[in-house]
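Below is one structure, written out as structure tokens; the observations come after it.
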Amino acid sequence: MGGDALPIGRRVAYLRVRRKLSQQSFADRLGKSKSWVDKVERGVRPLERMSTIREVAAVLRVDTATLLGRDVQPAEAAARDTGVARIRATLSTYEMALGQEKGREVMSTDRLARALGHAWAAYQQARYPRLVELLPGLLTEVHRAHVRDPEAGRVAVVQAYRVTAALLVKLDEGSLAWLAVERAMSAAAGDRVLLAGAAVQLGQVLRTVARARSVMLAAAYQIAPVDPDRGTPQEWSLCGSLLVQAALIAARTGDDRAADDLLDEATEMAARVGDGHDHHRTGFGPAAVAAGRVTAAVELGDGPQAVARHEEVVGWAGYRSSIGLRTWSTRRAGTC
């Protein structure tokens with residue numbers, strides 16, 4: 001982008017376009033007017049306050065040094081890039097399929113389950129740098145366990161690729177996220193519960209693909225209890241999470257009525273589950289659906305509605321106890 005020679009307004013415009021944001025959607029996420037954005041990008045209005053610069057950088061998902069055009073890459077960004085490269089390298093190896101991990105020491109089932117739980121906790125608490133460090137080694141251990149016992153190790157494979165895909169979506173690594181979620185779906189084949197869980201991450205990866213809504217709905221209704229009165233919180237959590245994903249896809253494509261209907265249906269399911277749970281690593285509950293409504297409003301370009309809904313839900317007790325909402329709140333209008 002030309003380093004310090006490029007005015008900050010031009011740099012904002014470049015990064016906004018790269019993020020595929022219109023001036024209006026960018027303004028909504030900042031809580032500013034479209035006119036304000038236009039003046040900043042044209043250099044008519046200077047960006048001088050560091051608090052505002054940090055807010056702009058957060059929405060553009062870059063560090064402030066990048067926004068200011070500094071050449072030195074911050075250590076955190078460098079560590080992130082190195083970690084993603086290690087994840088890419090791990091995803092590009094095929095020792096598991098080729099059986100080359102046989103004979104090597106394998107982590108016990110209990111230790112592997114604890115490691116996966118730790119990885120999901122890091123994701124749900126938005127400790128993404130920590131998770132970037134953990135995943136390459138964890139994926140290797142999961143591969144080894146799967147070679148030792150393919151059937152018993154299948155659950156760990158699905159869980160590992162699900163959390164990998166979820167993280168990569170947050171880091172805007174779309175192609176790698178797609179590879180990870182395909183691995184999860186493949187490993188889950190034949191098991192309706194594992195498939196439904198993997199489909200939640202598939203919805204995150206395919207958020208911009210309109211036809212993915214039908215995939216989410218098919219997965220949701222496949223896992224939905226035949227008799228609602230006998231449904232379990234685990235079933236409602238998977239089904240409701242898939243409906244939220246379908247609603248956000250509908251919102252991204254401008255179908256506000258479908259988004260509202262799907263979120264209303266998810267709300268009924270969330271009431272059966274309650275907040276503070278993490279069935280099948282979904283973090284599903286009333287607060288998570290409320291967060292979905294905020295994100296849907298942003299996707300639909302309704303900034304005032306998004307702000308109003310956000311202000312409403314942050315006062316809930318469920319806001320503090322809900323894993324799903326804590327994850328969402330770390331990135332305004334991000335991937336739910």
Legend entry - For Leu242 against Val200, the heavy-atom pair lying closest together: CD2-N, 3.7 Å
Legend entry - Close side-chain approach of Pro228 to Arg272, heavy-atom, < 4.5 Å: yes
Legend entry - Stepwise side chain to side chain contact (heavy atoms under 4.5 Å, CB included) test for Arg154 and Asp191: CA-CA 10 Å; Arg154 184 160 72 136; Asp191 186 309; 3.6 Å; yes
Legend entry - Which atom of Ala270 lies closest to which atom of Gly285, heavy atoms considered: CB-C, 3.5 Å
Legend entry - Linked, directly or transitively: Val155 and Leu138 (ILVMFWY side chains, under 4.5 Å): no
Legend entry - Common cluster, Val142/Trp120, ILVMFWY with side-chain heavy-atom separation under 4.5 Å: yes
Inset, instruction - Inspect the surroundings of CZ in Arg45 and state if more than 12 heavy atoms from other residues, nucleotides or ligands are less than 6.0 Å away. - result: no
Inset, instruction - Treating Ile, Leu, Val, Met, Phe, Trp and Tyr as nodes and any side-chain heavy-atom pair under 4.5 angstrom as an edge, say whether Val17 and Val12 lie in one connected cluster. - result: no
Inset, instruction - Kindly indicate whether the side chain of Phe26, heavy atoms from C-beta on, has any atom under 4.5 Å from the side chain of Arg19. - result: no
Legend entry - Within-4.5 Å side-chain heavy-atom neighbours: Lys32 and Val59: no
Legend entry - Pair Arg183-Thr164, side-chain donor/acceptor within less than 3.5 Å: no
Legend entry - Reported OG-to-CZ distance for the pair Ser175 and Arg88, which is rounded to 0.5 angstrom: 6.5 Å
Inset, instruction - To the nearest 0.5 Å, tell me how far Met216 CE sits from Leu248 CG. - result: 11.0 Å
Inset, instruction - Run the salt-bridge test on Lys34 and Asp38 with the 4.0 Å N-O cut-off and return the result as yes or no. - result: no
Legend entry - Connected via hydrophobic side-chain network under 4.5 Å: Leu300 and Leu263: no
Legend entry - Candidate pair Arg130 and His118, rule side chain to side chain contact (heavy atoms under 4.5 Å, CB included), full reasoning: CA-CA 10 Å; Arg130 176 58 178 155; His118 184 60; 4.0 Å; yes
Legend entry - Close side-chain approach of Asp264 to Arg293, heavy-atom, < 4.5 Å: yes
Inset, instruction - Taking only Lys NZ, Arg NE, NH1 and NH2, and the carboxylate oxygens of Asp or Glu, determine whether Glu41 and Arg16 approach each other closer than 4.0 Å. - result: yes
Inset, instruction - Would you please test Ile249 and Val209 for side chain to side chain contact (heavy atoms under 4.5 Å, CB included) and show each step? - result: CA-CA 7 Å; Ile249 293 169; Val209 180; over 6 Å; no
Inset, instruction - Tell me whether Val158 is reachable from Leu139 by hopping between hydrophobic residues (I, L, V, M, F, W, Y) whose side-chain heavy atoms are closer than 4.5 Å. - result: no
Legend entry - Flag side-chain contact, heavy atom, 4.5 Å: Arg29 against Leu21: yes
Legend entry - Leu167 side chain near Ile87 side chain, heavy-atom distance below 4.5 Å: yes
Inset, instruction - Please examine the side chains of Gln201 and Tyr161, heavy atoms only from C-beta on, and report whether any two atoms are closer than 4.5 Å. - result: no
Inset, instruction - Please round to the nearest 0.5 Å and tell me the distance separating atom CG of Leu238 and atom CE of Met269. - result: 11.0 Å
Inset, instruction - Check step by step if side chain to side chain contact (heavy atoms under 4.5 Å, CB included) holds for Arg144 and Met107. - result: CA-CA 8 Å; Arg144 292 174 178 169; Met107 184 181 289; over 6 Å; no
Legend entry - Tyr14 side chain reached by Arg18 side chain, heavy atoms, under 4.5 Å: yes
Legend entry - Nearest non-hydrogen partners of Ala288 and Asp275, listed with the distance: N-OD1, 4.4 Å
Legend entry - Considering all heavy atoms, the nearest Ala156-Leu112 contact: CB-CD2, 3.8 Å
Inset, instruction - Could you pull out the closest heavy-atom pair between Ala251 and Ala296, with the gap in Å? - result: CB-O, 3.7 Å
Legend entry - Leu47 CG to Leu67 CG distance, which is reported to the nearest 0.5 Å: 7.0 Å
Inset, instruction - Check whether more than 12 heavy atoms from other residues, nucleotides or ligands sit under 6.0 Å from atom CZ of Arg111, and answer yes or no. - result: no
Legend entry - Ala180 to Leu168 - nearest heavy-atom pair and separation: CB-CD1, 4.5 Å
